Amino acid sequence: MEDVNALMKVRLEKLDKLSELDVNPFAYKFDRTHFAADVVNNFESMQGKQVAIAGRLYTKRLQGKAGFAHLTDSTGKIQFYARLDQMDEKDFNVYKLIDIGDIIGIVGEVFKTRTEEITVLVKKLELLAKNLRPLPVVKEIVDEAGEVKRFDEFADKEMRYRQRYVDLIVNPEVRELFIKRTRIVQGLRDYLNSKGYLEVETPILQPIYGGAAARPFVTHHNALDMELYLRIADELYLKRLIVGGFDGVYEFGKDFRNEGIDRFHNPEFTMLELYIAYHDYVFMMELVEELISTTVKKTFGSYKITYQGNDIDFTPPWSRKRMADLLKEHTGHELFGKSRDELQTIAKSLHVEVDKGFSAGKIIDEIFSEKVEPLLIQPTFVTDYPIELSPLAKKHRSEAGIVERFEGFMAGKEFCNAFSELNDPIDQRQRFEQQVENKKQGDDEAHEMDDDYIRALEYGMPPTAGLGIGIDRLVMILTDAPSIRDVIFFPHMRPE
RNA sequence: GAGGGUGUAGCUCAGUCGGUAGAGCAACGGCCUUUUAAGCCGUGGGUCCAGGGUUCGAGUCCCUGCACCCUCACCA
């Protein structure tokens, strides 16, 4: 510890003073009987009762032979009142020595002060863990309107991300947000379990990566002396399980994509993937609608939320639109069925930049991203995508050149992707071959050939509906978080 | 990758025209037994992101680098 500043030095010296009082500054246990909220929310029944509360010292005011202070635990904040004539002199001396940030335990009686604040009159005070590094001191007041005003809030984003533990200590809304994240995931899981789908785990280290278009992280296995990839998707393994006879499997998993970092992208992120046998993408659309809207209702008590100023309504049914129709509506052009050259001309007229290497499907996708996607604020399913973009999706049952695929959008962002899974091994091999060709042409996100996956399909995979939901983005929107970093405890940062 | 912004005490910030560093909170000492952004008196605290340059003199101007933020590009 070389960055010991004057403030830390003082705290280290306090360890000696505590030792003189025969106090162990790092205790072994504390028998807690109540949480702060138990006391604060049930004053009528708690008044005069003895409680034992533990938490972190948040404020401290000393007035000679007495003092008021607040501590916080996982449920909230509570005031306590220490006075010399109510406790051992030793404990009161400990009270004088403790600092904001110390973990302490108190035993005392519940009462209300002159100003009506519910407070614990301390009989015993115990230091449980000494704070040696000063915390940001956040002061707050409640104004006439009942609004909490914070002063000197710990606000530096870089420090908040790097030292999330401090962020969580001093910014209660951060804790609330992450609890919501967990509740959302639980809601999704509960729903899927209620339908009888099986939660499974598949490899993160993969010899061949696939299931999405992305560049992977590469790692090395020493004993086998071989390259391995961190998965970019779970897809191909989960479908192998459908081949194996499961009717419905899902996985909440971390995927890793070796790409840029911004407000909507973190190199590792959480994806829910779900595969259900004997169903198609129409079924999956209904499932997603129910899955998400049920979870939103359960978590927030309403189908309606606000994201960055936009009201979003999850009440089913959601709007469903064919990609071709949306493009026609917002660009005035019929794009499907056009040649690559024609599409390039149209793109130019729409001021959409197109790379020379783009296929017809890719140009359509580009125009869609620019001209349509930002307009999709309310939950919307966009259906029937160009085949070139979807090497794992089944051809449309009645239309050439497109596949049975949909993506879900809200707040102008994609949040899920699903299709009727391609289960024809001959078609799948051809699609992979096309991908390998694309890779040779310089598309470094094209799929690789996966012979074992083809082999699995050759044994026969039932018709299957598949789905992927980007959990971080879903949580962002549901918690009104402007950046993906706000919904990931430890977002990726360069080393300090 | 490009452009813009930020970086000063533990935290939040100010710092004028280039003249040798400030406030509030926190800390330390004193007084104070119902306070709550407690109060009063007093004290200490700085690698001004890093490295170079210009200058008699740089927190301030110039260059390079680093980190973070924003926008764009890339990216299911």
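Within every chain, numbering begins at 1; the chains are lettered A, B, ... in the order of the sequence lines, protein sequences first and strands thereafter. In this text, all values refer to a predicted model and were calculated from it rather than measured experimentally.
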Calculate the interatomic distance between [X] atom [atom1] and [N] atom [atom2]; express it in whole Å.
X: A:Gln308; N: B:C70; atom1: CD; atom2: P; result: 11 Å
X: A:Leu135; N: B:A26; atom1: CG; atom2: C1'; result: 11 Å
X: A:Ile169; N: B:C11; atom1: CD1; atom2: P; result: 14 Å
X: A:Asp486; N: B:C68; atom1: CG; atom2: P; result: 15 Å
X: A:Arg11; N: B:A27; atom1: CZ; atom2: P; result: 7 Å
X: A:Ile261; N: B:C72; atom1: CD1; atom2: P; result: 17 Å
X: A:Asp156; N: B:C11; atom1: CG; atom2: P; result: 8 Å
X: A:Arg133; N: B:A9; atom1: CZ; atom2: P; result: 15 Å

If I pick the [atom1] atom on [M] and the same atom on [N], what distance separates them, to the nearest angstrom?
N: B:G57; M: B:C61; atom1: C1'; value: 13 Å
N: B:A37; M: B:G5; atom1: P; value: 39 Å
N: B:G44; M: B:G51; atom1: C1'; value: 31 Å
N: B:U35; M: B:G45; atom1: C1'; value: 28 Å
N: B:G53; M: B:A58; atom1: C1'; value: 11 Å
N: B:U47; M: B:U33; atom1: P; value: 39 Å
N: B:C66; M: B:C74; atom1: P; value: 24 Å
N: B:U8; M: B:G59; atom1: P; value: 15 Å

Could you please name the option among [options] that lies closest to any side-chain atom of [X]?
X: A:Pro136; options: B:A73, B:C28, B:C11; answer: B:C11
X: A:Ile141; options: B:C11, B:A37, B:C75; answer: B:A37
X: A:Lys157; options: B:C28, B:U34, B:C69; answer: B:C69
X: A:Phe154; options: B:C11, B:C28, B:U35; answer: B:C11
X: A:Glu366; options: B:U35, B:C74, B:A67; answer: B:C74
X: A:Glu370; options: B:C69, B:C32, B:A73; answer: B:A73
X: A:Ile100; options: B:U12, B:C70, B:A26; answer: B:A26
X: A:Phe68; options: B:C69, B:U35, B:U12; answer: B:U35
X: A:Arg485; options: B:A27, B:C70, B:U12; answer: B:C70
X: A:Thr113; options: B:C70, B:A37, B:U35; answer: B:U35

Can you tell me if A:Arg231 uses its side chain to pair, donor with acceptor, with the backbone of A:Thr202 under 3.5 Å?
yes
Using a 4.0 Å heavy-atom cut-off across all strands, classify [X] as base, sugar-phosphate, or nothing.
X: A:Asp85; answer: base
X: A:Phe80; answer: nothing
X: A:Ala212; answer: nothing
X: A:Gln86; answer: nothing
X: A:Arg160; answer: nothing
X: A:Glu140; answer: sugar-phosphate
X: A:Phe264; answer: nothing
X: A:Lys14; answer: sugar-phosphate
X: A:Ala69; answer: nothing
X: A:Glu445; answer: sugar-phosphate

[N] - base-pair partner by Watson-Crick or wobble geometry, distances under 3.5 Å:
N: B:C28; value: B:G42
N: B:C75; value: none
N: B:U34; value: none
N: B:U6; value: B:A67
N: B:A23; value: B:U12

Should we say atom NZ of A:Lys60 is surrounded by more than 12 heavy atoms from elsewhere, each under 6.0 Å from it?
yes
Side-chain ion pair, A:Arg340 and A:Glu388, N-O less than 4.0 Å:
no
Assess whether a salt bridge exists between A:Asp85 and A:Arg83, defined as any Lys/Arg side-chain N lying under 4.0 Å from an Asp/Glu carboxylate O.
yes
Want to settle it: does A:Met493 or A:Arg215 sit nearer the 5' end of RNA chain B, counting the closest nucleotide to each?
A:Met493
RNA chain B: 5'-proximal contact among A:Asp99 and A:Gly67 (nearest heavy atom)
A:Asp99
Identified side-chain contact (heavy atoms from CB on, under 4.5 Å) counterpart of A:Arg56 within the set A:Ile103, A:Ile104, A:Val170:
A:Ile103
Lys/Arg cation over aromatic A:Phe178: A:Arg181, 6.0 Å, 45° cone
no
Do A:Lys413 and A:Phe264 meet the cation-pi criteria used here (NZ or CZ under 6.0 Å from the six-membered ring centre, within 45° of the axis)?
yes
I'd like to know if A:Arg83 reaches the base of B:U33 with its side chain such that a donor and an acceptor end up less than 3.5 angstrom apart.
yes
Side-chain donor/acceptor of A:Asp262 to base of B:C74, under 3.5 Å:
yes
Counting only side-chain N and O atoms of A:Arg61, is one of them less than 4.0 Å from OP1 or OP2 of B:G39?
no
Hey, which of A:Phe406, A:Phe415, A:Phe409, A:Tyr281 is the one that makes ring pair (Phe, Tyr, Trp, His ring centres under 6.0 Å) with A:Phe381?
A:Phe406
Specify the closest pair of heavy atoms between A:Met87 and A:Lys123, including all atoms of both residues, with the distance to one decimal.
CB-O, 3.4 Å
